[in-house]
Amino acid sequence: MCNEPRFCEKGIVRSHKQVGPRLYSLCIHAPQTARTYQCGQFIHIQIPRMSDHILRRPFSVYRTDSAKDEIEILYQVVGAGTEHMTTLKVGETLDVLGVMGVSWLNGVASCGDTQIALGDATRVCVVAGGLGAAPLYLLTESLASRGVLKNVVLGAQTRGHLITEDAYRALVDACGASIHFTTDDGSFGTQGFVTLPLEEILKAGECDLVVCCGPEPAMRAVYKVCATHQMPLLVSMEKRMACGIGVCLSCVVPTTCGLKRSCVDGPIFDAAKVVW
Amino acid sequence: MTSPVYEPNAEALNSSATCSEHPGTSSVDMRVTFCGIEFQNPVTTASGTFASGKEYNAFIPVDKLGAVTTKGVSPRPWSGNDAPRIAETPSGMLNSIGLQNPGVKAFIEHDIPWLESHASRVIVNVSGHSVEEYLEVIDALEECACVDAYELNISCPNVDAGGMAFGTTVQGITEVVSAAREHTKHPLIAKLSPNVTDIAEMARAAEAAGADAISLINTLLGMAINTRTRRPELARVVGGLSGPAVKPVALRMVWQVHQAVGLPIIGMGGIMNAEDAIEFMLAGASMVAVGTANFVRPTTALEVISGIEAYCEREGISQVSELTGALICS
């Protein structure tokens, strides 16, 4: 499936700041992206001044500002590319290839014989591990505005890593949903994994669909809990990418229907179909 | 203005700007006759980096390329290797995709119709684990009118049987090429592996076995290690290196093959812009292929065409084929 529109545009860095331990927020003026991006999709960015690292890097968009035609990306420094990104200055241009991938909005999750499309869910639980909170934010905003958001679980290594706390609180407060926090070190909320509050939520029968994004081990753990409670789950699978548009076959995810490309067949997947 | 990863000299950049929008509007004849077939220009795609072209058609009109060279096609579906299948390396990347493809039946059903209506010329890359498998693919494709030539993949390093296993010995090359020769009148392009001691010897074997042309280089066998996990970056441990890092090796091999055989050559290996492509032509290539660069900038292939045209116009070259082998070695 070829997702339109496809374009390359010059993004201009409008702001760039550190927001947590090895965590940065980057705002880019990118009109085509800002106007066409749907939650859960990604863009493929060429980082300038990095001539010996030639591949683009994929990023989801955390928030958009349609009035300013700006997009905000959150990133964590994990390797050479992201280390170099920290040197990006306001006013610099980056080449943005966009917009790729299936949106959360088109997600369909199943469990056993039941199937539920995101648009039909009425009680949604959002679970974010670490920076998985970034690609989930715009979805959560949409769910809240439709009155179908029931629970949010945000997990991170430490309190300092919960950089999206305020943004999510605002959404949750506006629609009367509940929010739960977990940290690995117990510095805030429940100590432990996101699966702890999720268990309670599922036991109480509070939702009809869970959506989750985070490190793969976290999503796998969430899937196990959801499967135990016969709960459909949508996940966002991040894989190493070269082309980002479906031709190179680097980013494959094994599923019960064969190998799927996370860049065009995903990144949103029915967790029950992923071979974990 | 775009800023290419590798900056050609300022003159080349300035000149390519004048022709960049509309290839074919200059006085340069960009056509090449390759294996008796006319191509509208000398630029094609490197197998595995472009699929059949549908995804790239959103960025460039694929029918403006000299040819599309497809992903490798095997007789039955191949699922390829375990992930991680890629790793970035200095000025390049490793891949161990493993020739994942849906098989020739699915290719004929889904890719051929698209190619027929969108590609000016079609070169199908043929893959197999055994000689018989190469022949199965060729036999199945013989009835497809839009297929102009076959590129025999005897050089992929990411499969245990077939691929590079054939292309690293004279005997292996001879077996595949001579068997394929008996099965088709279509032009046969032998895609050679650089993982050999003497590329000229391999090219001579392909020529003697009946190949009509040589394409090179396929990827160089390489490896990357993660010091944090102390594991290889690729699940398969080793993979094929491509990108700017391989260009000097590729150029040298094109030059050596051009000296050794009379067959026309498709040159590839790290071409990121028109200037790189021209180097390959000067070294002896009649056509060039753009591969990894497609991932960096989807418009690269089109820019290479425009840039070659601009160079020829600037240099007073009326036919692009004059560039082939025009290297001055005094």
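Lettering of chains follows the sequences in order, A, B, ..., and the numbering in each one begins at 1.
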Engineer: Which heavy-atom pair separates A/Ile245 from B/Phe59 by the least distance, and what is that distance?
Structural biologist: CD1-CE1, 4.0 Å

Engineer: Can you tell me how far apart CG (A/Leu249) and CG (B/Asn81) are? Round to the nearest 0.5 Å.
Structural biologist: 11.5 Å

Engineer: For chain B, which residues from residues 219-227 of chain A lie under 4.5 Å away (heavy-atom distances)?
Structural biologist: none

Engineer: So which heavy atom on B/Ile86 is nearest to which on A/Ser250, and how close?
Structural biologist: CG2-OG, 3.0 Å

Engineer: So do the side chains of A/Arg240 and B/Glu233 get within less than 4.5 Å of each other, counting heavy atoms only?
Structural biologist: yes

Engineer: For A/Ile54 and B/Pro244, work out which heavy atoms get closest and say how close.
Structural biologist: CD1-CD, 3.8 Å

Engineer: Identify which of B/Gly80, B/Gly92, B/Gly243, B/Ala83 forms the greatest number of heavy-atom pairs closer than 4.5 Å to chain A.
Structural biologist: B/Gly92

Engineer: Over all heavy atoms of both residues, which pair between B/Glu55 and A/Arg261 is shortest? Give the atoms and the distance, please.
Structural biologist: OE2-NH1, 3.9 Å

Engineer: At a 4.5 Å cut-off on heavy atoms, which part of B/Ala87 comes close to chain A: side chain, backbone, both, or neither?
Structural biologist: both

Engineer: Would you say that more than 12 heavy atoms from the other residues, nucleotides or ligands in this model lie under 6.0 Å from the CZ of B/Arg230, or not?
Structural biologist: no

Engineer: What closest approach, in Å, do B/Phe295 and A/Val247 show between heavy atoms, and which atom pair accounts for it?
Structural biologist: CE2-CG2, 4.1 Å

Engineer: Can you establish whether the number of heavy atoms outside A/Tyr24 located under 6.0 Å from its atom OH is more than 12?
Structural biologist: yes

Engineer: Is chain A contacted by the side chain of B/Thr292, its backbone, both, or neither, given a heavy-atom distance below 4.5 Å?
Structural biologist: side chain

Engineer: I'd like to check B/Ser79 versus A/Leu259 (side-chain heavy atoms, cut-off strictly below 4.5 Å). Are they in contact?
Structural biologist: yes

Engineer: Do side-chain atoms of B/Glu88 reach the backbone of A/Leu55 as a donor and acceptor pair under 3.5 angstrom?
Structural biologist: yes

Engineer: Do B/Pro298 and A/Leu97 touch side chain to side chain, with heavy atoms closer than 4.5 Å?
Structural biologist: yes

Engineer: Mind checking the CE-OG spacing from B/Met272 to A/Ser51? Nearest 0.5 Å is all I need.
Structural biologist: 10.0 Å

